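Working notes, structure below.
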Amino acid sequence: MRVVGKAIPFEPALKLKQIERFLLELPGVLDASTWLSEGETQAHVTLSDRSELTPKLIQRRCMEGLGLHMTPRRVIVMLSRQLAA
């Protein structure tokens with residue numbers, strides 16, 4: 001079916017899951033979650049303590065890999081440190 005002159009709505013939950021999958025593929029990312037706040041995508045990313053990623057670098061990677069419309073407006077980063085056994 002072809003729709004002319006109207007944008008096809010994009011399911012926000014699918015968009016968020018796609019962003020999470022992309023984030024989880026970045027080297028050093030251990031966990032990622034995304035959500036909408038006031039219409040803007042936010043992300044929380046847990047990094048290994050050896051990762052060199054920063055919030056700005058994560059946003060840049062999203063811009064390059066997913067496009068502006070899929071780039072989180074805000075990225076919160078938490079470092080995970082391994083505890084000795």
Side-chain angles (χ1 to χ4, degrees):
M1 179 172 129
R2 185 169 181 214
V3 179
V4 178
K6 289 190 175 186
I8 298 173
F10 189 63
E11 182 63 41
L14 294 177
K15 172 184 168 184
L16 295 175
K17 289 297 177 191
Q18 186 177 2
I19 296 168
E20 286 176 9
R21 280 193 302 272
F22 180 82
L23 291 170
L24 288 168
E25 291 176 0
L26 295 176
V29 173
L30 303 175
D31 190 34
S33 60
T34 56
W35 68 95
L36 289 176
S37 178
E38 297 180 12
E40 294 184 338
T41 305
Q42 314 287 317
H44 183 276
V45 180
T46 303
L47 300 173
S48 69
D49 60 351
R50 295 184 179 155
S51 175
E52 295 184 10
L53 290 173
T54 64
K56 290 290 182 195
L57 186 54
I58 291 170
Q59 285 178 314
R60 185 178 308 138
R61 296 277 166 79
C62 287
M63 286 263 292
E64 294 167 352
L66 298 171
L68 179 61
H69 67 290
M70 300 275 280
T71 298
R73 179 81 166 153
R74 181 173 176 217
V75 177
I76 301 166
V77 169
M78 184 169 72
L79 293 178
S80 175
R81 303 198 190 278
Q82 282 190 319
L83 301 176

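Quantities reported herein were computed from a predicted structural model and do not represent experimental measurements.
Under the 4.5 Å side-chain criterion, counting only non-hydrogen atoms from C-beta, Val75 is in contact with Val45. With contacts defined as side-chain heavy-atom distances shorter than 4.5 Å, the pair His44/Trp35 qualifies. Looking only at side-chain heavy atoms (C-beta outward), Met63 and Leu68 come within less than 4.5 Å of each other. At least one side-chain heavy atom of Ile19 sits less than 4.5 Å from a side-chain heavy atom of Pro72.
When hydrophobic clusters are built by joining Ile, Leu, Val, Met, Phe, Trp and Tyr residues whose side-chain heavy atoms come closer than 4.5 Å, directly or via intermediates, Leu26 is grouped together with Leu57.
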For this session: Please lay out, stage by stage, how Arg61 and Ile58 fare under the test side chain to side chain contact (heavy atoms under 4.5 Å, CB included).
Result: CA-CA 5 Å; Arg61 296 277 166 79; Ile58 291 170; 5.8 Å; no
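At a cut-off of 3.5 Å, with distance as the only test, no side-chain donor of Gln59 or Thr71 sits close to an acceptor on the other residue.
Heavy atoms only, all atoms of each residue included: Leu53 and Leu47 are closest at O-CD1, 3.6 Å. Taking all atoms of both residues into account, the shortest heavy-atom contact from Ser51 to Pro27 is OG-O, 4.0 Å. Heavy atoms only, all atoms of each residue included: Leu66 and His69 are closest at O-CE1, 3.5 Å. Of all heavy-atom pairs between Ser48 and Leu79, the closest is O-CD2, 3.8 Å.
Between the CZ atom of Arg73 and the SG atom of Cys62 there is a distance of 14.0 Å, given to the nearest 0.5 Å. With rounding to the nearest 0.5 Å, the separation of OG in Ser33 from NZ in Lys17 is 9.0 Å.
Using a distance-only test at 3.5 Å, with no hydrogens or angles considered, a donor-acceptor pair links the side chain of Thr34 to the main chain of Leu16. No donor-acceptor distance shorter than 3.5 angstrom exists from the side chain of Ser37 to the backbone of Glu40, with no hydrogens or angles considered. No donor-acceptor pair under 3.5 Å is formed between the side chain of Lys15 and the backbone N or O of Thr41.
A 6.0 Å sphere centred on CD of Glu52 holds no more than 12 heavy atoms belonging to other residues, nucleotides or ligands.
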